[in-house]
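Quick notes on the structure that follows.
Within every chain, numbering begins at 1; the chains are lettered A, B, ... in the order of the sequence lines, protein sequences first and strands thereafter.
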Amino acid sequence: MFGDLYNLLYVYYGNLEWWPSETDDETVIGTILTQNTSWKNVEKALKKMKENHVYTLDEIATTDQERLKELIKSSGFYNQKSRYLLTVSKEITEKYGNLPGMKNKDMKEIEGFIMGLDGVGNETMESIMLYALDYPVFVVDAYTLRFFKRFYGKEFSRKEIRNYAEEEFSEIDQLKNFHGMIVNLGKDFCKKTPVCKSCFLRNDCLYGKH
DNA sequence: ATCCTGTTGG
DNA sequence: CCAACGGGAT
């Protein structure tokens, strides 16, 4: 299904260092902070959190919300995101102790638990599963839905895309890179108002051909 | 002036 | 389905 597309993207983008972060805790924090927010602004917040030693789920769980708001201000939506960070950190540490305690468990159980966290929807859950916990999950975001609709000229549901991708790519690295390449494509060419003329997929994309 | 690796509550 | 959340970069 997506094999040919993967190769086309790979020729252009190659292996991306996707979801750069020093620790799995930072990855989880990043998935929440980057919701509808540019990564540049998230980096500022992560830097501040690190400098102030509010950088692990344990540290966040015992931090005052007002202080958290100041630290993550640059990533926007700080009122809700500070609340999400607190509840997510508390619930994870209370139930599993830490992120390693969530690895190598029944995938559906962990997925259900994460989806139940306030502030965590499909994309954030999938990102945590794949990038912080190493489960073979494909991340379906707004870029993916928009790009696939144009490229294949047909609307796919999140569920369909996840199923196809996870069926086809069993390797964690492939799932990571496929998502990473799609996000980059969405920022470089397949934007809200697409730049098809200079896009390397213009001859393969149903929308790019007209 | 517009957009950003979304999610929630109405 | 849709308004609301929000500072920062381009």
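- For the pair A:Ile72 CD1 and C:dG6 P, the computed distance is 9 Å after rounding to whole Å.
- Separation of the P atoms belonging to C:dA3 and B:dT5 is 22 Å when rounded to the nearest angstrom.
- Under the 30°/60° scheme for interplanar angles, the aromatic rings of A:Phe178 and A:Phe148 are found to be tilted.
- The distance from the NZ atom of A:Lys191 to the SG atom of A:Cys196 is 11.5 Å, given to the nearest 0.5 Å.
- Ranking B:dT7, C:dG7, C:dA9 by closeness to the A:Lys73 side chain, first place goes to C:dG7.
- When the P atom is used for both C:dG6 and B:dG9, the distance is 14 Å, rounded to whole Å.
- The CG-P distance, from A:Leu117 to B:dG6, rounds to 18 Å in whole Å.
- For the pair A:Met129 CE and B:dT5 P, the interatomic distance rounds to 24 Å; values are reported in whole Å.
- Distance from the side chain of A:Lys44 is smallest to C:dA9 among B:dG6, B:dT5, C:dA9.
- Between the NZ atom of A:Lys48 and the C1' atom of C:dG8 there is a distance of 13 Å, rounded to whole Å.
- Counting any heavy atom pair closer than 4.0 Å across all strands shown, A:Thr31 reaches no nucleic acid atom.
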Set out, line by line, the N/O atom pairs under 3.5 Å between protein and nucleotides 1-4 of chain B.
from  : atom 1 : to      : atom 2 : distance (Å)
B:dC4 : O2     : A:Ser38 : N      : 3.3

Apply side chain to side chain donor-acceptor pair (under 3.5 Å) to residues A:Asn15 and A:Tyr10 and explain how you reach the verdict. CA-CA 7 Å; A:Asn15 288 310; A:Tyr10 191 83; 2.9 Å; yes
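- Using a 4.0 Å heavy-atom cutoff across all strands shown, A:Val120 reaches sugar-phosphate atoms only and no base atom.
- Residues A:Pro194 and A:Tyr207 share a closest heavy-atom pair of CG-CE2, 3.6 Å.
- Between atom CD1 of residue A:Ile72 and atom CD1 of residue A:Ile29 there is a gap of 10.0 Å, rounded to the nearest 0.5 Å.
- More than 12 heavy atoms of other residues, nucleotides or ligands shown are found within 6.0 angstrom of NZ on A:Lys69.
- Whole-Å rounding puts the A:Tyr78 OH to C:dA4 P distance at 17 Å.
- Each of C:dG6, C:dA9, B:dG6 was ranked by its minimum atom distance to the side chain of A:Glu123; first place goes to B:dG6.
- A:Asn122 has its CG atom 13 Å from the C1' atom of B:dT8, to the nearest Å.
- Summarising the geometry of A:Val28 relative to A:Val88, their closest heavy-atom pair is CG1-CG1, 4.4 Å, with the distance given to 0.1 Å.
- B:dT7 has no base stacking with the ring of A:Tyr84 when judged by centroids under 5.5 angstrom apart and an interplanar angle below 30°.
- Separating the CG atom of A:Leu46 from the P atom of B:dT5 is a distance of 14 Å, rounded to the nearest angstrom.
- One can place NZ of A:Lys81 at 11 Å from C1' of B:dT5, the figure rounded to the nearest angstrom.
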